Amino acid sequence: MLLFPVHLFKGEKWKRAVEFEENPRTMSFKDIIHFAYKYYYRSPVLPSLPEYDHHFKEKYTATLYPESASTISIGGDLMPYEMIKPEHTSGLWDEIGTDFFGSDLVFANLETPLDVAQPSSFVPEVMLNDMHFNTDMRTFKIFSGDGKYKGFDVLSVANNHSLDMGTEGLDATMRFLKDKSVDYVGAKIEKAEKDFVIKDIKGIKVGIVAYTYSLNQMLPPQGLEWKVNLLPLNRQDVDIQLILDQVKSCREAGAEFIICSMHCGNAYQPYPSACTIELFQKIFETCGVDLIAGGHPHNLQPWREYIFKDPLT
């Protein structure tokens, strides 16, 4: 078990979020200590910069749309925890399932490979080292509403656990989803595949693209860099040309509304870091996406309406 002197962190220490890449390939010892502090002891309660303290304080009024409007449900990270078993989840979807899975488009991030040819590997209650996930069909059924609802229409497979079972495991995951008639985005089996998904939702063509900031300790093999949409999204100097190019291709293919799934940011804190806030604003202003669905923090962070001028139209 990872132990450290908690008394060192009392008071103002790490009360405000710390800006760091949070990538296992580049984390320093101090980064590891800070991450463990957030995970096991106490999350920071303030954004990383004082100027963002009131960034999410504005109140937004939900707009009520007529029943004929298209609806979209977006879930967070589907993690293969050991406790997600039928005996613990019999009523999991009872209160929300009809609403969540009743939308015209249902989307989330599948943060685990699903390769039935390899042993399952679930998330333990205490993580002592790099975990290589692999879930099974039983857990996927629970994720998808346990057979009571229609399940997911599209899943992102671009996240820091994409390569936990290697490229073979990622390919097996995408083939599994294809067999289940679930579209995937953020990775490809073949290089010639499209880098986006377009769904016709009541006559509105909705495009989806997806990216991840990290693959934990791994990288795609040489020559397979196209396998996963990987960008150093937690760095200030990240080049988002790949997003711009793929969004442009999605628009040219007919998408009228584009959702951009971004697996990035810093985990276990109630507010996004400044780097994430500024990155999302840059993506809106540069790429012209309509909605960004953030993942990876593993706790709810506030949403924000951002007004910008579309760079393309």
Side-chain angles (χ1 to χ4, degrees), residues 1-2 4 6 9 13-49 52 55-56 74-84 108-113 121-133 135 143 156-164 186 210-218 228-236 238 260-280 292-304:
M1 182 176 181
L2 180 61
F4 50 91
V6 171
F9 310 124
K13 180 70 173 180
W14 288 341
K15 183 177 181 180
R16 191 173 290 280
V18 175
E19 296 278 344
F20 73 110
E21 190 179 3
E22 205 166 288
N23 186 341
R25 287 183 62 87
T26 61
M27 284 170 69
S28 66
F29 180 73
K30 182 180 178 181
D31 292 338
I32 294 171
I33 293 296
H34 175 237
F35 185 85
Y37 174 84
K38 289 196 298 179
Y39 187 87
Y40 292 108
Y41 182 61
R42 181 179 296 157
S43 296
V45 295
L46 296 172
S48 52
L49 296 178
Y52 288 116
H55 187 72
F56 294 98
I74 298 178
D77 302 319
L78 303 176
M79 299 282 287
Y81 280 94
E82 291 180 341
M83 291 293 290
I84 303 178
N109 168 56
L110 181 61
E111 193 161 0
T112 175
S121 177
F122 298 108
V123 186
E125 291 303 309
V126 177
M127 290 182 283
L128 301 180
N129 50 32
D130 293 326
M131 294 301 305
H132 294 168
F133 300 162
T135 196
F143 286 159
S156 170
V157 291
N159 52 71
N160 54 306
H161 291 281
S162 296
L163 293 185
D164 280 9
Y211 308 89
T212 181
Y213 82 103
S214 167
L215 296 171
N216 289 340
Q217 294 287 1
M218 290 164 283
V228 186
N229 284 339
L230 171 66
L231 293 170
L233 298 168
N234 284 0
R235 296 182 189 172
Q236 293 283 354
V238 58
C260 180
S261 175
M262 299 291 291
H263 197 79
C264 63
N266 299 112
Y268 313 114
Q269 55 190 58
Y271 294 97
S273 297
C275 180
T276 302
I277 295 170
E278 292 161 9
L279 170 66
F280 284 12
I292 292 177
H296 178 66
H298 297 307
N299 57 268
L300 288 173
Q301 293 184 341
W303 68 280
R304 183 183 182 221

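Everything numeric in this text was worked out from a predicted model, so none of it was measured.
- For Leu110 against Asn159, the heavy-atom pair with the smallest separation is O-ND2, 2.9 Å.
- Although no hydrogens or angles enter the test, the distance criterion places no donor-acceptor pair under 3.5 Å between the side chain of Ser273 and the main chain of Thr276.
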Go through the steps for Ile32 and His34 under the test side-chain contact (heavy atoms from CB on, under 4.5 Å), then give the verdict. CA-CA 5 Å; Ile32 294 171; His34 175 237; over 6 Å; no
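- Tyr41 and Tyr37 have tilted rings, their planes meeting at an angle from 30° to 60° on a 0 to 90° scale.
- Residues satisfying the side-chain hydrogen bond (donor to acceptor under 3.5 Å, both in side chains) criterion with Asn23, sequence neighbours excluded, are Ser214.
- Residues satisfying the ring pair (Phe, Tyr, Trp, His ring centres under 6.0 Å) test with Tyr211, not counting sequence neighbours, are none.
- Not counting sequence neighbours, the partners of His161 by the ring pair (Phe, Tyr, Trp, His ring centres under 6.0 Å) test are Phe133.
- Nearest heavy atom pair, residue Gly76 against residue Ala108, reads O-CB, 3.7 Å.
- Between the side chains of Asp77 and His296, no donor N or O sits under 3.5 Å from an acceptor N or O.
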Starting from the C-alpha separation in whole Å, work towards a yes-or-no answer on side-chain contact (heavy atoms from CB on, under 4.5 Å) for Arg16 and Leu49. CA-CA 8 Å; Arg16 191 173 290 280; Leu49 296 178; 5.7 Å; no
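- Screening residues 19-28 for salt bridge (Lys or Arg N to Asp or Glu O under 4.0 Å) gives Glu21-Arg235, Glu22-Lys38 as the qualifying pairs, with residues at least two apart or on separate chains.
- The ring pair (Phe, Tyr, Trp, His ring centres under 6.0 Å) check on Phe280 picks up nothing, with sequence neighbours excluded.
- Considering every non-hydrogen atom in both Pro47 and Tyr52, the closest pair reads CG-O, 3.5 Å.
- When the side chain to side chain contact (heavy atoms under 4.5 Å, CB included) test is applied to Val238, the partners found at least two apart in sequence or on another chain are Leu231, Pro232, Leu233, Ile240, Leu279.
- Residues that satisfy the side-chain hydrogen bond (donor to acceptor under 3.5 Å, both in side chains) test with Gln236, not counting sequence neighbours, are absent from this structure.
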side-chain contact (heavy atoms from CB on, under 4.5 Å) between His132 and Met218: does it pass, once the steps are laid out? CA-CA 11 Å; His132 294 168; Met218 290 164 283; 4.1 Å; yes
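- Judged purely by atom type and a 3.5 angstrom limit, Asn160 has no side-chain atom pairing as donor or acceptor with the backbone of Thr212.
- The backbone N or O of Thr112 lies less than 3.5 Å from no partner atom in the side chain of Asp164, so there is not a single donor-acceptor pair.
- Listed by chain and residue number, nothing satisfies the ring pair (Phe, Tyr, Trp, His ring centres under 6.0 Å) test with Phe122 (two or more places apart in sequence, or in another chain).
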